[in-house]
Amino acid sequence: VTTPAYGSDVLTWPVIGPVLRWKHARTALQLVLLGGAAVVVVHGLIGPQLAPANLSTVLTWVHYRGLLIVALLAVGNLFCTGCPFILVRDAARRLHAPAARWPRWLRRKWPALVLFVAVLFVYELFDLWSLPRATAWLVLGYFAAALAIDLVFAGGSFCKYVCPIGQFNFLTSTLSPLELRVREPATCAACRTADCIKGRRAPEAPLRVVRRGCELGLFLPAKVGNLDCTLCLDCVQACPHDNIALATRLPGLELADPRRRSGIGRLARRWDLAALAVVFVFGALLNALGMIAPVYVLERQVMGLLGTTSGTPALAALFLLVLVIAPAVLIGGAAWWSASAAGSSPRRHLMTFVYTLVPFGAGVWAAHYGFHLLTGILTVVPVTQSAVIDIAGRAWLGAPRWTWVGMPAGWVLPIQMGLLALGSAGSMAVAYLIAERESPARPLPAAAPWITVTLLLLVAAVWMLAQPMEMRAVGALG
Amino acid sequence: VHLQLGSWRDRHGLTRRRAAAAGLLLLAACARSGEPAPRLTIDWTPAPAVGRESVAEIRLTDAVDDPLPGARLRLDAFMAHPGMAPVSGLAVEEQGSGRYRARVTFTMAGDWVVRLQGAAPDGRAIDLQQDVRGVRPVE
């Protein structure tokens, strides 16, 4: 993979460039999302416990998730930029600065991976989308976790090692069209202060950091791609040479980039990142599976087989099947097959090629969350009107217009299919790029297994989308 | 802290006791009425199915199970999942003796929640809901 020179620099664009460079730009975005989080928490706790009529569930499970993936694929990791947890954490750090370093043995994605699976499991088990109060507590839990961890440990420990949303965003942002990168490598080579990572210090008081550097340990001259980048623009603010661009690029190309990455290392040596990619891809299918009737039938059959009336073991079995057994068979088989074709080791092929499935996974997430966003985008209007009545007792915004919903589901289906096709095409392209490097003499046989896996998963995803959706709210607990 | 509180009190002319009383009043205003909520029972005929009209036979009773006639009501049916099209603003006709009737056509398969809102004859607000699980296409 040859890394092209950076494209257009968004930071130099009129209007957008100055806005992004404004030193309070991030705080402004964070305040907007903090306001949204406050609404989610307050209405979730005191509003009607009816998910479609509560801003907590509507804003979280319809709008936030949908806009998150749209922003990631259309722009970049904007929701990490505007993360309200970090705004509150920064405020708290003014009162108590953390002194400890995140334990070395935990400096991998395993904690975040466990939490990612746990959130998916709890979401399905309790049908979180139907529980306004639980949704509010989940948001409060995120705030509490970010505070608890980052008031003890310095830097961006919560973002880098713990936050499941952050890991989702990092992986999806590999497909974003924008990336923070160095403009002129020669300028960095001559730089002696490394403010982009250490932070810019006050000349009169060198111990005082006036603009912090990258909290996630990404040193810009060695940064490759968007993994672990929260797009906070701290590096842009800190660089004394104005040598950092928010550059346009070809989305997904970084998944085939074998170079060592600052703060990450080589992708092919990171089992935790490979596992995260697997959960990202198969978790997308699992999350969408939870909305269709055949899965409920399967769950009931598993409950019968296990001789239990509780849905928890059946759900656990489904998770085991989709997140462990299916990937082991499909990815393990593809690695063995492509390694045989290239005369290489299956382990190397597994660790190198597993990232080819990320574009497909992003396509499934986008198709699923995009469906809810597009079909329900206007529901925020009547629910807000209803919330005003709940709180003020008067219809200051008018009577709820419950007929305001969104696009008909039938119109969204072609968009969903397009997203799946785009994701699959991206996966196949990345597979071929990696195969060209790993097996230059015979790239197609090396790529074929991964293309086959992508096509098999595509068939499964299309089958799922073709099922009539059932909006179940009776969790596995019944 | 004392100085700050004193300054705040001076500006607003309130004592701590008054502030506490105002807070309690606010809490009391926010709290729900102490009276028990009415009870709702709904029988469906025929059983709810996608695209088929079902009649909801609604029985509204007070806390001691006495019928609650004369209420002005409307009924909305929501999918359990947020963001989906509800069946909203359905008329509820009184049948006498605390019994009411509404006609509902569910538009999607899945779990629904019907919400009955309105006012009792004494002016008390009524806001009740009941789950309608597993609505399926007509077989």
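Quantities reported herein were computed from a predicted structural model and do not represent experimental measurements. Proteins get letters first, then strands, A, B, ... in listed order; numbering begins at 1 in each.
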>> With a 6.0 Å cut-off on the ring centroids, do Trp61(A) and Tyr369(A) count as close?
In response: no
> What about the rings of Phe78(B) and Trp112(B), do their centers lie closer together than 6.0 Å?
Replying inline: no
> Out of Ala85(B), Pro82(B), Gly83(B), which one racks up the most heavy-atom pairs below 4.5 Å with chain A?
Replying inline: Pro82(B)
> Which one of Thr57(A), Asn54(A), Thr60(A) has the most heavy-atom pairs closer than 4.5 Å to chain B?
Replying inline: Thr57(A)
>> Working to the nearest 0.5 angstrom, can you tell me the gap between Met79(B) CE and Thr379(A) OG1?
In response: 13.5 Å
>> What part of Ala53(A) gets within 4.5 angstrom of chain B, counting heavy atoms only: side chain, backbone, both, or neither?
In response: side chain
>> At a heavy-atom distance under 4.5 Å, which candidate from Leu50(A), Val62(A), Thr403(A), Thr375(A) has the highest pair count against chain B?
In response: Leu50(A)
>> Evaluate Asp65(B) against Arg59(B) for side-chain contact (heavy atoms from CB on, under 4.5 Å), listing each step before the verdict.
In response: CA-CA 10 Å; Asp65(B) 215 26; Arg59(B) 185 164 175 261; 4.1 Å; yes
